[in-house]
Structure formats: C-alpha cells, structure tokens
J.: 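Quick one: this structure, given as structure tokens, is what I'll be asking you about.
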Protein chains: 2
Amino acid sequence: MSRMRLDPGRITGIAVTIVDDRGFDALSLSAVAERLGVGPSALYSHVAGLDGLRRLVAVHAMNNLVARVREAAIGVSGPAAVRSVSDAYRGFARTHPGQFRFTVMPRSDDPELAAADDELLNVFALVYRGAGLDPGRSARAARSVRSAIHGFVTLEMAAGPAAAHEAHYRELLEAVAAMFPARPGRSGNRRGAG
Amino acid sequence: MSRMRLDPGRITGIAVTIVDDRGFDALSLSAVAERLGVGPSALYSHVAGLDGLRRLVAVHAMNNLVARVREAAIGVSGPAAVRSVSDAYRGFARTHPGQFRFTVMPRSDDPELAAADDELLNVFALVYRGAGLDPGRSARAARSVRSAIHGFVTLEMAAGPAAAHEAHYRELLEAVAAMFPARPGRSGNRRGAG
DNA sequence: ACCTGAACACCGTTCAAGT
DNA sequence: ACCTGAACACCGTTCAAGT
C-alpha cells in the first residue's frame, strides 16, 4: 500500500518531533521511517539521506528560533526589549534543546540558513535601532549580544540544572545593558514632540 | 599476543588524536581499537563504553583549554590580559574544533568537569582581579565574558570560514571592554607609587 | 514515480571461551 | 586480569524488483 503520501515536509515534521521528544542524537532515518510506517530506504526518494534531513531540521529550527525572537520584540522597546528577545532566545533553547543544537550546525554556503541567521541578527539590530543606536552600532550590538546570550545558554545547558543559573543570567543581562546602553522609548508610545 | 598494554590513558590519548584529526563525530570505539591493534570489545576492560570514553575525552579537552588560557594570562595585565585569554580561548577552539565540542558536553554532577570549569572561570576572574575589580565583580565578569567569547566562537565555527569574522571578533572584544573596564597595571610592572 | 525488501558495510555491546 | 571472537541488535545506504 503506497498510501503514506511521503513528502519532505511531512518527513521534516516527524523529524522535528523526534528531536523535540528525545533529543539531537535520537534523530535517525530509521526512527522517522518507523513513525511513518515505511521502510528507511523509502525516505531516499524525498530527502538526501541523513545529512539532508539534518539540514532540513536545522532550517526548521532556525526559523522557529527567529519566529520566537521576533514575537518577543513586538510591543516593547528599549532595555525591556533587549531583555525580552534575550529571554525568548533562552526560552527556545530550554524548551527545545534538540532544535537548539541543530541551530548551530555547520552551515557552509547554505543560503537558506544564512538568511535565517541574518533575520535573527536583524531582530536584535532593530531593537537597538529603536533604542536610539545608529545602524552600524546596532548591527555590532546585535552580533555581540547574540553571541553572549548564545554562549550563556550553551554553557548553562551543558552544566545541567543548577539554581545559580538564574542569577547568572540576570548578571549577563546587566552586563549586556552596560555594553550597549539602550534608551527606552522612541518607537511606539512616545508622547513628546521631540 | 597481549602486548598492547592497554590502559585508560593510552586509550584516551588515541581518542583525542582521532578527535583532533577527524572531528567529534569520528570518535568511535572501533576506530580507537583499530589504532591500538585490538578488538573493540577489549576496550571495555578499561573504559565504560563509548559514553565513558567520551567523558574522558571531555575531561582531557577541558584541561587542555584551561592550560592554554592559563598560559595566556601570564605576563600580561589589564585590557591586554583580557584580550590575551580571549584569544587563547578562541585559538583553542579553532586549532582543536573536535576537542572544543567535547568541552561543552553534558556534565551532570561530574566533579572533575565541574572543577575544570571552575578553574577556567578563575583564570578570567583573576585577570579582572588584577585589573582592579573586587572579587564579586570579577567573578561576574568572568562568567559573562566567558559566555560571550564562547558564544562567538561557537557561532563563528558553525558559520564556516568568512573574512568578516575577524572584524566581528574585534568588535566583541571592544564590547567586552565596555562591559567590564579593566584598568591596566596593578600586578606586574607598575611604576608609580599610588 | 515511488516504495519494498534484500543486501552490504558499519556501529556498540555482551559474553563465553581462552591465556 | 585481560583479550579474543562470535553473536546480537541496530544503523545508513544502495539497488534491483515490483506497482
């Protein structure tokens, strides 16, 4: 019976489910094929082997991260916006650790992943733009702040559960605030004439 | 012939060589056993399977990173010392990408890895101590700066070779300097009286 | 065009057997 | 005490065969 209507989208969806449920290392063509009620070799008609599937999952994970961070940037401005997007970044990593690991997969010359990377940095940059920083300084702030948040979350997850992480995270946010002072306001609910 | 004199140290050494030469994913019990001229199952007398070997490699990698960073902190002070230890951190990741990945392995309740982590942070903290920061502020600076460097290097390696990375790295160092101003001097070759 | 099923090479792991 | 070698379960991948 060839009723399963396999296609890259469905396959990637199952793959992401497995990654969310059982982690990065649990992703295998066999596991995906089993959930689809099909033999592992059937997947080769739609996906370029395990590496190809991994790339699709990486794209999916990057887009999810971008979407989360983008949402967190809506309706806030200034230092609160920096905190909000940082919290969203960290929140994605903690609620989807498997996808987060795919976020940092080797991406040599992959235009789709590079585009997602640019979008992610652009959200951070726009937050700083709204806080009064000029374009160049906003772009630099975006890269540095994203590095800091990413590094913190990576190390925190490797270290495992520990009560001190919350305090350390707040310390990092303070350090980031000192790094690039973001003035509140400007975009959104400003009131004065200027 | 049982001449191979297997022991955890030798096994770990071969494992690190493989990781350095062919990367994180190339580490397997089979590959290690082959280089030792022995069957894969022979390793189980000295190592707790693949997971056990990975943990040994992680400890080795952490100790190597600490040693590199520690060396870089000798004979320098102030902002130059911050730059030096950061460069060492980044240099280790670039020259030993396989070991660097083991550096961030899940380490739940592993005292040896936790100790190495503390030592690493302590080097950063001592640099800031020497630059005039009080103990509490030095410890916070150490954690935040290490996060920033780690995140940058992780993302830079995932992105693959790109000319812009050098400029972005220098931007990060400037941001870090703004984050925790490190006054030059105090320890080492100071000249003035006070 | 797409899936099956056999086949192959490769893993990690266990365990009885040798020494 | 330590290594061998067979055995098992599990991978990814290829390919001829069916439909």
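A note on names: the letters A, B, ... follow the listed sequences, proteins ahead of strands, and every chain is numbered from 1.
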J.: Between dC3(C), dC3(D), dC11(C), spot the one nearest the side chain of Ala42(A), thanks.
T.: dC3(C)
J.: Pro40(B) side chain: which of dC2(D), dT4(D), dT13(C) is closest?
T.: dT13(C)
J.: Taking CG from Asp25(B) and C1' from dG12(D), how many angstroms apart are they, rounded to a whole number?
T.: 14 Å
J.: Any salt bridge between Glu119(B) and Arg70(B), counting N to O under 4.0 Å?
T.: yes
J.: Any strand counts, and the cut-off is 3.5 Å on both contacts for Watson-Crick or G-U wobble. Which nucleotide pairs with dC2(D)?
T.: dG18(C)
J.: Any idea how Phe152(B) and His165(B) line up, ring-wise: parallel (<30°), tilted (30 to 60°), or perpendicular (>60°)?
T.: perpendicular
J.: Let me confirm one number: the CD1-CZ distance from Ile149(A) to Arg90(A), rounded to the nearest 0.5 Å.
T.: 9.0 Å
J.: Of all the choices, dC3(C), dT13(C), dG12(D), which nucleotide is nearest to the side chain of Val38(A) once you look at every atom?
T.: dC3(C)
J.: Taking atom C1' of dA1(C) as reference, at what distance in whole Å does atom CZ of Arg5(A) sit?
T.: 10 Å
J.: Does a side-chain N or O of His46(B) approach OP1 or OP2 of dA1(D) to a distance below 4.0 Å, or not?
T.: no
J.: State whether Phe24(A) and Arg101(A) meet the cation-pi test: NZ (Lys) or CZ (Arg) under 6.0 Å from the six-membered ring centroid, and within 45° of the perpendicular axis.
T.: yes
J.: Within less than 4.0 Å of OP1 or OP2 of dC15(D), is there a side-chain N or O belonging to Ser41(A)?
T.: no
J.: Which base, if any, makes a Watson-Crick or G-U wobble pair with dG12(D), both distances under 3.5 Å?
T.: dC8(C)
J.: Choosing from dT13(C), dT4(D), dT13(D), which nucleotide comes nearest the side chain of Leu29(B)?
T.: dT13(C)
J.: How close or far is atom P of dT13(D) from atom CG of Leu50(A), stated in whole angstroms?
T.: 6 Å
J.: Calculate the interatomic distance between Leu6(B) atom CG and dA1(D) atom C1'; express it in whole Å.
T.: 12 Å
